[in-house]
Amino acid sequence: MKEKVVIIGGGFGGITAAKYINNKFDIIIIDKNNYHLFQPLLYQVATASLSPADIASPIRSIFKDKRNLKTIMAEVVAINRENREVILDYGEKIKFDYLIVAPGSRHSYFGKDHWEQFAPGLKNLNDALIIREKILYSFELAERCENLLEAKKYLTFVIVGGGPTGVELAGAIAEIAKRIITKDYRSIDINNIKIFLVEGLPRILNMYPENLSKIAQEDLEKMGVEVLLNTMVTDVNELGVRIGEKFIESKNKIWAAGNVAAPVLKTLNTQLDKAGRVLVNPDLSIQEDSNIFVIGDSAALKDEEGNLLPGIAPVALQQGKYVGKIISKKVETKSRKFFKYFDKGMMATIGSAKAIALIKGFKLSGFIAWAAWSLIHVMYLIGFRNRFRVMAEWAWYYLTYRHGIRLITHKKEHYSS
């Protein structure tokens with residue numbers, strides 16, 4: 001009988017690991033969704049640039065030719081190390097010989113979880129569709145308002161968090177609001193649309209060199225985004241966002257300020273860091289069991305300089321490949337080489353033909369950085385159809401500034417009034 005490898009999570013780490021495990025093993029991928037999501041482009045679904053099908057592929061389709069792999073659509077609620085089994089949300093127990101834990105993360109509200117109902121985060125397709133439709137429905141409601149004071153709350157957008165997600169969202173909202181939506185909604189004055197990006201640190205994109213962060217901020221400001229630095233949010237409610245003594249009235253609040261690890265990690269009964277991530281060994285296994293691996297943004301591992309590896313797609317991809325090879329070759333613990341992350345660079349897009357990039361020490365900005373960002377993201381999309389569709393959508397948008405995915409289907413769910 002073949003040994004069984006169970007993979008929790010169909011993200012970058014889990015999918016990559018499965019690709020590198022050979023047919024001498026039976027593989028089971030468990031994910032609460034039936035698709036693999038290309039998260040770096042999720043904000044483009046949220047801002048009506050792309051449709052969900054452009055950035056998601058069914059897991060079964062990805063592995064249609066891998067006969068030793070089975071997919072289960074379910075949520076893992078617990079891991080029993082002693083019995084070597086995972087427990088699913090409907091009670092089924094799945095045995096394993098090797099376990100790869102890569103469930104991803106969720107947005108963190110730093111103890112203020114009730115804020116989520118007013119300021120949704122962006123982690124999955126459902127989040128993206130909720131944000132997209134709220135943005136579009138806001139313009140519908142603003143168009144019907146009889147005076148500016150009434151319309152103001154629908155024309156004000158507040159994004160909390162100046163990391164890549166927050167910056168990309170702010171730029172994308174600025175573009176669709178001021179270049180596209182106002183052409184369709186003739187009663188809306190472009191000057192009445194307000195977009196705020198709130199960041200608690202002295203600069204946005206603080207993981208980038210200071211001069212690149214400054215370029216990104218300047219680009220956003222030229223697009224009409226007001227960047228608020230050294231600013232902490234003290235309350236979020238249905239009416240808007242409170243920042244110290246200032247209150248910004250808005251029906252459109254988006255949270256992009258932090259992440260929290262998946263709660264299932266606690267059931268491993270191993271050491272976690274303050275963010276709930278597993279403190280893994282250099283070979284990405286847990287302290288108590290060398291055949292249980294934790295990868296991606298669920299793992300806390302430091303690089304050679306003592307810095308925690310970031311929870312980004314390139315890290316998960318490399319870790320998935322590393323673990324997949326260890327399992328395929330049945331490498332004994334003492335013979336395993338330590339995982340070493342090869343940093344290929346970082347990129348963030350601000351808008352059409354606007355981006356910043358740090359690649360092997362080279363700092364890029366503007367159109368060149370945007371072109372590199374576009375090429376790399378298209379290359380990593382799974383499936384030719386996805387790549388072709390996304391390239392076509394981007395080309396169309398770049399030439400015409402017209403977004404095609406502007407449908408509202410669940411308007412009653414967006415606002416209570």
Side-chain angles (χ1 to χ4, degrees), residues 7-14 30-33 37 39-40 42-43 46 74-79 86-87 89 99-128 130-131 158-169 197-201 204-207 232-237 241 253-280 284 286 292-302 307-316 319-320:
I7 301 173
I8 301 174
F12 289 107
I30 306 171
D31 195 286
K32 57 186 175 183
N33 300 306
L37 177 66
Q39 278 194 325
L42 193 57
Y43 82 96
E75 185 170 4
V76 176
V77 295
I79 300 167
V86 298
I87 303 169
D89 50 2
L99 178 65
I100 301 173
V101 185
S105 60
R106 189 67 181 165
H107 31 264
S108 171
Y109 291 84
F110 307 106
K112 305 286 186 178
D113 291 348
H114 59 285
W115 290 356
E116 184 173 9
Q117 62 182 307
F118 309 116
L122 184 60
K123 282 292 183 183
N124 56 45
L125 281 179
N126 187 55
D127 295 336
I130 289 173
I131 291 171
V158 182
I159 300 100
V160 182
T165 299
V167 167
E168 290 168 347
L169 277 168
L197 178 62
V198 183
E199 171 56 51
L201 296 174
I204 60 172
L205 299 172
N206 68 306
M207 70 290 293
M232 301 299 292
V233 171
T234 55
D235 189 32
V236 181
N237 57 44
V241 177
K253 293 86 61 178
I254 304 174
W255 193 265
N259 297 315
V260 62
V264 72
L265 299 178
K266 297 177 182 178
T267 66
L268 276 169
N269 293 322
T270 190
Q271 191 174 1
L272 308 177
D273 70 0
K274 292 181 180 179
R277 296 168 297 192
V278 175
L279 295 171
V280 294
L284 300 174
I286 65 172
I292 297 179
F293 302 89
V294 181
I295 62 176
D297 48 13
S298 296
L301 180 66
K302 293 183 179 180
N307 301 313
L308 276 174
L309 294 178
I312 56 178
V315 174
Q319 290 180 339

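Remember, predicted model here, so these are calculated numbers, not experimental data.
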Please determine whether side chain to side chain contact (heavy atoms under 4.5 Å, CB included) holds for the pair Q319 and L309, giving the CA-CA distance in whole Å, both sets of side-chain angles, and the decisive distance to 0.1 Å. CA-CA 11 Å; Q319 290 180 339; L309 294 178; 3.9 Å; yes
Supply the atom-to-atom distance [X] [atom1] to [Y] [atom2], rounded to the nearest 0.5 angstrom.
X	Y	atom1	atom2	value
L99	I292	CG	CD1	5.5 Å
I295	L284	CD1	CG	7.5 Å
N259	S298	CG	OG	10.5 Å
I159	E199	CD1	CD	12.5 Å
L125	I130	CG	CD1	11.0 Å
L201	M207	CG	CE	9.0 Å

With the side chain counted from C-beta on, respond yes when I8 and P103 share a heavy-atom pair under 4.5 Å apart, and no when they do not. yes
Exercise: identify the closest heavy-atom pair between [X] and [Y]:
X	Y	answer
H107	L122	ND1-N, 3.7 Å
F110	A257	CZ-O, 3.5 Å
A46	L169	CB-CD2, 4.2 Å
N237	K253	O-NZ, 3.2 Å
S105	D297	OG-OD2, 3.1 Å
L42	A128	CD1-CB, 3.8 Å

Is it the case that the side chain of Y109 and the backbone of W255 share a donor-acceptor pair, with hydrogens and angles ignored and the cut-off at 3.5 Å?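 Not at all, since once roles are kept as given, no pair shorter than 3.5 Å links the two residues.
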With D273, which residues qualify under salt bridge (charged side-chain N to carboxylate O under 4.0 Å, His left out), at least two apart? R277
Side chain to side chain contact (heavy atoms under 4.5 Å, CB included) between W115 and V233: does it pass, once the steps are laid out? CA-CA 11 Å; W115 290 356; V233 171; 4.1 Å; yes
Lys/Arg N to Asp/Glu carboxylate O, R106 vs D113, below 4.0 Å: no
Residues, nucleotides or ligands: over 12 heavy atoms within 6.0 Å of K123 NZ: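 Counting neighbours around NZ of K123, more than 12 heavy atoms of other residues, nucleotides or ligands fall under 6.0 Å, so yes.
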Tabulate below the donor-acceptor pairs under 3.5 Å that side-chain atoms of residues 261-269 make, not counting sequence neighbours, or state none.
{"unit_1": "T267", "atom_1": "OG1", "unit_2": "I79", "atom_2": "N", "d": "2.9"}
{"unit_1": "T267", "atom_1": "OG1", "unit_2": "V264", "atom_2": "O", "d": "2.6"}

